[in-house]
Structures are given as structure tokens and as C-alpha cells.
Amino acid sequence: MKKYSTNLTESQWKTILTILEDKRKRKHCLREVFDAIFYLVKTGCQWRMLPKDFPKWELVYYYFTKWKNNGTIDFIHKVIREKVRKKYKKNETPSVGIIDSQSVKTTRKGGENRGFDGGKKVKGRKDIL
């Protein structure tokens with residue numbers, strides 16, 4: 001398989017493998033499926049545009065929706081986030097979240113969503129990113 005910058009490293013894969021605890025024999029290695037998912041997330045390409053180096057897009061999509069719906073992806077994210085925070089001697093769970101917003105200019109006619117951003121001196125509305 002071709003090496004992409006989005007592919008998992010050996011240590012990243014070992015971490016995910018211990019979380020999955022899956023020892024079933026498969027036609028396609030789950031690592032290839034994860035590499036394909038990370039490729040899709042990073043590049044933003046369409047499912048059907050997934051390079052042929054990866055398993056078929058239908059298979060990748062099947063696993064992605066399965067893991068998303070049963071909470072596997074969220075659980076992997078939680079475990080890895082805690083591991084990274086612990087490595088940097090921080091509390092395992094973050095205590096604060098920061099949300100940024102952007103002022104979006106609207107038309108001159110306005111409407112019910114039209115307002116004024118006093119900080120940026122812009123007529124428009126705030127959209128949370």
C-alpha cells in the first residue's frame with residue numbers, strides 16, 4: 001500500500017488495536033480502514049474518490065458508520081486524548097472549552113438575524129465556528 005502522510009504510525013496503531021480488542025481474521029486489515037478514514041478526514045475528499053490503495057469505499061464507509069454509531073470512534077478519541085494530556089502532565093480531562101465566532105456581513109436590507117458586532121464594528125450576525 002502507498003504511504004500517505006495521514007497513515008497511522010506503528011505506535012498509534014498499537015494504541016487503537018488495544019482499544020478495539022479485535023482478533024478476527026479479515027480480508028482487509030482494520031489498519032487500512034483507519035488509514036482510509038484518516039485520509040478522508042484530512043483531505044475532505046468524497047467517499048467515492050478514495051484512492052484505490054485503500055479498501056473499497058463501501059467497506060470503509062460501513063466501518064465508519066458502524067464505529068460512529070456504536071461509539072467506538074468517540075471512545076478511541078477519549079482514550080487517546082487522555083493519554084496525550086497525561087504525557088504532557090495535564091489533567092486527563094479538559095476543564096475549559098473555548099468557542100470562537102466569526103462576524104458575517106449581511107445584506108443592506110437586513111432581516112431578523114441582522115445585528116451589530118460591537119467588537120469588530122461590523123453590521124451582521126455572529127456565527128459560531
Side-chain angles (χ1 to χ4, degrees):
M1 189 170 129
K2 187 176 175 185
K3 183 77 174 151
Y4 293 96
S5 62
T6 55
N7 287 4
L8 293 167
T9 65
E10 199 60 41
S11 65
Q12 291 168 333
W13 173 239
K14 284 180 184 176
T15 302
I16 291 174
L17 198 56
T18 58
I19 295 167
L20 288 178
E21 297 177 354
D22 185 65
K23 297 190 181 356
R24 256 181 67 197
K25 297 236 185 223
R26 301 173 188 276
K27 182 178 177 183
H28 292 282
C29 174
L30 290 182
R31 182 176 183 167
E32 292 175 0
V33 174
F34 271 100
D35 286 340
I37 291 170
F38 287 124
Y39 179 87
L40 284 160
V41 170
K42 182 68 175 179
T43 64
C45 78
Q46 298 169 353
W47 287 99
R48 294 171 196 262
M49 300 293 286
L50 192 64
K52 301 293 181 206
D53 301 327
F54 296 113
K56 290 184 178 182
W57 74 266
E58 295 94 340
L59 180 76
V60 177
Y61 182 77
Y62 165 79
Y63 277 109
F64 174 76
T65 54
K66 177 183 172 186
W67 291 333
K68 182 182 72 150
N69 292 335
N70 72 14
T72 300
I73 290 179
D74 288 334
F75 184 69
I76 289 170
H77 180 262
K78 177 184 175 287
V79 169
I80 292 174
R81 181 191 66 227
E82 289 173 356
K83 205 172 184 182
V84 168
R85 290 183 64 83
K86 197 172 185 180
K87 178 182 174 183
Y88 290 103
K89 296 181 180 19
K90 294 185 176 192
N91 192 355
E92 288 183 5
T93 55
S95 58
V96 175
I98 298 173
I99 298 175
D100 193 8
S101 64
Q102 176 179 353
S103 295
V104 179
K105 291 183 180 181
T106 57
T107 63
R108 288 184 180 198
K109 298 220 179 206
E112 66 181 70
N113 289 333
R114 187 173 181 187
F116 184 77
D117 181 358
K120 295 182 182 171
K121 311 281 190 263
V122 174
K123 288 181 183 176
R125 67 173 188 257
K126 288 271 218 184
D127 285 339
I128 296 177
L129 299 176

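Heavy-atom basis, side chains included; hydrogens, waters and symmetry copies ignored. Treat the numbers as computed from the prediction; the structure is a model and nothing was measured.
In this structure a side-chain-to-backbone donor-acceptor pair under 3.5 Å is missing from Arg85 to Lys90. Of the possible donor and acceptor atoms, none in the side chain of Thr72 sits under 3.5 Å from a partner among the backbone N and O of Lys68. Judged by distance alone, the side chain of Asn7 and the main-chain N or O of Lys3 form no donor-acceptor pair under 3.5 Å.
Here SG of Cys29 is found 10.0 Å from CZ of Phe34. Values are rounded to the nearest 0.5 Å. Residue Phe38 holds its CZ atom at 7.5 Å from CD of Gln12, rounded to the nearest 0.5 Å. In this structure, CH2 in Trp47 is found 6.0 Å from CD1 in Ile37, a value given to the nearest 0.5 Å.
For Glu10 and Arg31, the salt-bridge test passes: some basic side-chain N is under 4.0 Å from an acidic carboxylate O.
Ring orientation note: the planes of Phe54 and Tyr4 are close to parallel, at an angle under 30° on the 30°/60° scale.
The nearest pair of heavy atoms linking Tyr63 to Arg26 is OH-NH1, 2.7 Å. Here the closest non-hydrogen pair linking Glu92 and Arg81 is O-NE, 4.2 Å. Nearest approach of Leu50 to Pro55, heavy atoms of both residues: CD2-O, 3.8 Å.
Environment of CD in Gln46: sparse, with no more than 12 heavy atoms of neighbouring residues, nucleotides or ligands closer than 6.0 Å. Around NZ of Lys2, the count of heavy atoms belonging to other residues, nucleotides or ligands within 6.0 Å does not exceed 12.
Side-chain contact check for Ile16 versus Ile80: some heavy-atom pair is nearer than 4.5 Å. Looking only at side-chain heavy atoms (C-beta outward), Leu20 and Phe75 stay at 4.5 Å or farther from each other. The shortest side-chain heavy-atom distance between Phe64 and Leu40 does not fall under the 4.5 Å cut-off.
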* Show your reasoning for whether side-chain contact (heavy atoms from CB on, under 4.5 Å) applies to Trp67 and Val33. => CA-CA 11 Å; Trp67 291 333; Val33 174; 4.0 Å; yes
Requested in this report: Go through Lys78 and Asp74 one step at a time and tell me if the side-chain contact (heavy atoms from CB on, under 4.5 Å) criterion holds.
Outcome: CA-CA 6 Å; Lys78 177 184 175 287; Asp74 288 334; over 6 Å; no
- Task: Test side-chain contact (heavy atoms from CB on, under 4.5 Å) on Thr18 and Lys14 and set out the steps.
- Result: CA-CA 6 Å; Thr18 58; Lys14 284 180 184 176; 5.6 Å; no
message: I'd like to know whether Thr93 forms a side-chain contact (heavy atoms from CB on, under 4.5 Å) with Asn91, so could you lay out the CA-CA distance, the side-chain angles of the two residues, the decisive distance to 0.1 Å, and finally the verdict.
response: CA-CA 6 Å; Thr93 55; Asn91 192 355; 4.3 Å; yes
